Amino acid sequence: MQQNRARYLIFFQYLGSKYSGVMKSPAHQPAEGVQNHLENAVRRLKPLNEVSVSISSRTDTGVHALCNSAHLDILRKADKPPFAEKVLTEALNFFLKPEPIRELDISAMQEAGTILSGTHDFSTFRALSSDTPFKDPVKTMELVQVQPGLSFSQRHFHRDIQFWELSFKSRSFLYRQVRRMTGALVAVGQGKLSVRQIQELLDARDSLAYPQNMAAPSCGLILTNVEYKDLDLMPYTQD
């Protein structure tokens, strides 16, 4: 039987948050690699050969890619010509439809944010450290805001990706306070915590009352700027 074989170079992008990396992962591993999804999409084209996608550049767990590449061979029957570039692109994009992402309840997050605004004892929202006994847990949050954000990579993705920006402003913060507040607000958005529970955590005034493994990872945080009052910038003088 005569057959038509063609080799293709494909370019693809991905958000790697839920993947074990770009390379294929074994069946027993809970998190899949991007390669698993690519090869599953190619199989939907029903090639005669065993599907194997050769990735050009390896990325680790959680790493994103604006443009990675790979090559693959597709073998078809003699009466079926090789896929045209446009046809292959459209077919793979169809089978690689965005996976469902749990939506955040933004209004609930914003309501929870108002609870954290103002002056409070934030003992629950600080992690214990050697200087805990010497730090006043009372802080004034001038700003707790949840609003649409803009990622530098957003314009590079060929799909509508919504980014949300959580902003906090205070004269100073307790140890890991921002990470704990962020994690709690996201948990509210995911339905893991209620707005009422945010108030209960605040009222507890106990660092150990904060749920384990809920604090946001440090990799998502950005220090935007440091402000000074005019009085802070006056020359120091001694009497």
Side-chain angles (χ1 to χ4, degrees), residues 15-18 61-64 99-155 157 160-233:
L15 293 174
S17 303
K18 63 178 295 183
T61 300
V63 177
H64 315 309
E99 297 179 43
I101 300 176
R102 185 171 186 177
E103 296 292 331
L104 293 174
D105 186 342
I106 300 301
S107 61
M109 293 175 67
Q110 292 170 334
E111 184 181 352
T114 62
I115 294 175
L116 299 177
S117 298
T119 303
H120 306 282
D121 182 326
F122 283 96
S123 293
T124 302
F125 290 89
R126 71 173 170 185
L128 298 177
S129 64
S130 58
D131 63 353
T132 295
F134 311 104
K135 296 290 186 179
D136 185 356
V138 177
K139 298 293 179 182
T140 299
M141 297 303 303
E142 301 174 29
L143 177 70
V144 178
Q145 184 174 266
V146 181
Q147 64 178 4
L150 179 66
S151 166
F152 80 95
S153 61
Q154 195 168 2
R155 67 180 184 273
F157 282 99
D160 183 26
I161 299 176
Q162 182 67 68
F163 288 85
W164 291 95
E165 188 175 274
L166 278 65
S167 301
F168 304 93
K169 181 179 180 180
S170 177
R171 182 175 178 83
S172 62
F173 296 97
L174 298 168
Y175 181 52
R176 293 190 177 174
Q177 180 186 349
V178 172
R179 291 176 59 181
R180 286 193 166 203
M181 291 190 299
T182 299
L185 291 181
V186 172
V188 169
Q190 295 173 328
K192 297 177 180 178
L193 284 181
S194 66
V195 174
R196 178 179 55 81
Q197 286 175 301
I198 295 296
Q199 183 67 62
E200 291 173 353
L201 286 174
L202 193 62
D203 293 340
R205 302 178 184 179
D206 180 4
S207 178
L208 299 179
Y210 188 87
Q212 291 187 349
N213 303 318
M214 186 170 284
S218 58
C219 60
L221 306 182
I222 301 173
L223 174 63
T224 54
N225 68 304
V226 177
E227 299 177 358
Y228 292 90
K229 296 180 180 179
D230 290 340
L231 185 61
D232 295 331
L233 301 176

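All figures in this text were calculated on a predicted structure; none of them were measured in a lab. Numbers for residues simply follow the sequence, beginning at 1.
- The number of heavy atoms from other shown groups lying within 6.0 Å of CG (Asp230) does not exceed 12.
- In this structure, Met141 and Ser170 approach most closely via the heavy-atom pair SD-CB, 3.9 Å.
- Rounded to the nearest 0.5 Å, atoms CD (Gln147) and CD (Glu165) are 5.5 Å apart.
- Residues Met181 and Phe122 share a closest heavy-atom pair of SD-CE2, 4.0 Å.
- Judged by distance alone, with hydrogens and angles left aside, the side-chain atoms of Tyr175 form no donor-acceptor pair with the main-chain N or O of Ser129 at under 3.5 Å.
- Looking at Arg180 and Leu174, their side chains never come closer than 4.5 Å, going by heavy atoms from C-beta outward.
- The nearest pair of heavy atoms linking Glu142 to Arg171 is OE2-N, 4.1 Å.
- What you find for Leu104 and Gln190 is that their closest heavy atoms are CD2-CG, 3.7 Å.
- The CG atom of Leu143 lies 6.0 Å from the OG atom of Ser167; values are rounded to the nearest 0.5 Å.
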Val195 and Val188: CA distance, side-chain angles, deciding distance, side chain to side chain contact (heavy atoms under 4.5 Å, CB included) verdict: CA-CA 7 Å; Val195 174; Val188 169; 4.2 Å; yes
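- Under a cut-off of 6.0 angstrom, the local environment of OH in Tyr228 is sparse, with at most 12 non-hydrogen atoms contributed by other residues, nucleotides or ligands.
- Distance check: Asp203 CG to Asp206 CG gives 12.5 Å after rounding to the nearest 0.5 Å.
- Contact between Thr124 and Leu202 at its shortest, heavy atoms only, is OG1-O, 4.4 Å.
- One distance of note links CG of Leu193 with CG of Leu185; it measures 9.5 Å at 0.5 Å rounding.
- Arg126 places a side-chain N or O within donor-acceptor distance of the main-chain N or O of Lys135, the cut-off being under 3.5 Å.
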Full working for side chain to side chain contact (heavy atoms under 4.5 Å, CB included) between Val144 and Ile115: CA-CA 9 Å; Val144 178; Ile115 294 175; over 6 Å; no
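- To the nearest 0.5 Å, atoms OG1 (Thr182) and CZ (Phe125) are separated by 10.5 Å.
- Here the OG-NZ distance, from Ser123 to Lys139, works out to 11.0 Å after rounding to the nearest 0.5 Å.
- Annotation: side chain of His120 is not in contact with side chain of Pro137 (no heavy-atom distance under 4.5 Å).
- Looking at Pro148 and Ile106, their side chains never come closer than 4.5 Å, going by heavy atoms from C-beta outward.
- For the pair Ser207 and Ala127, the tightest heavy-atom approach, listed with the atom from each and the gap, is OG-CA, 3.9 Å.
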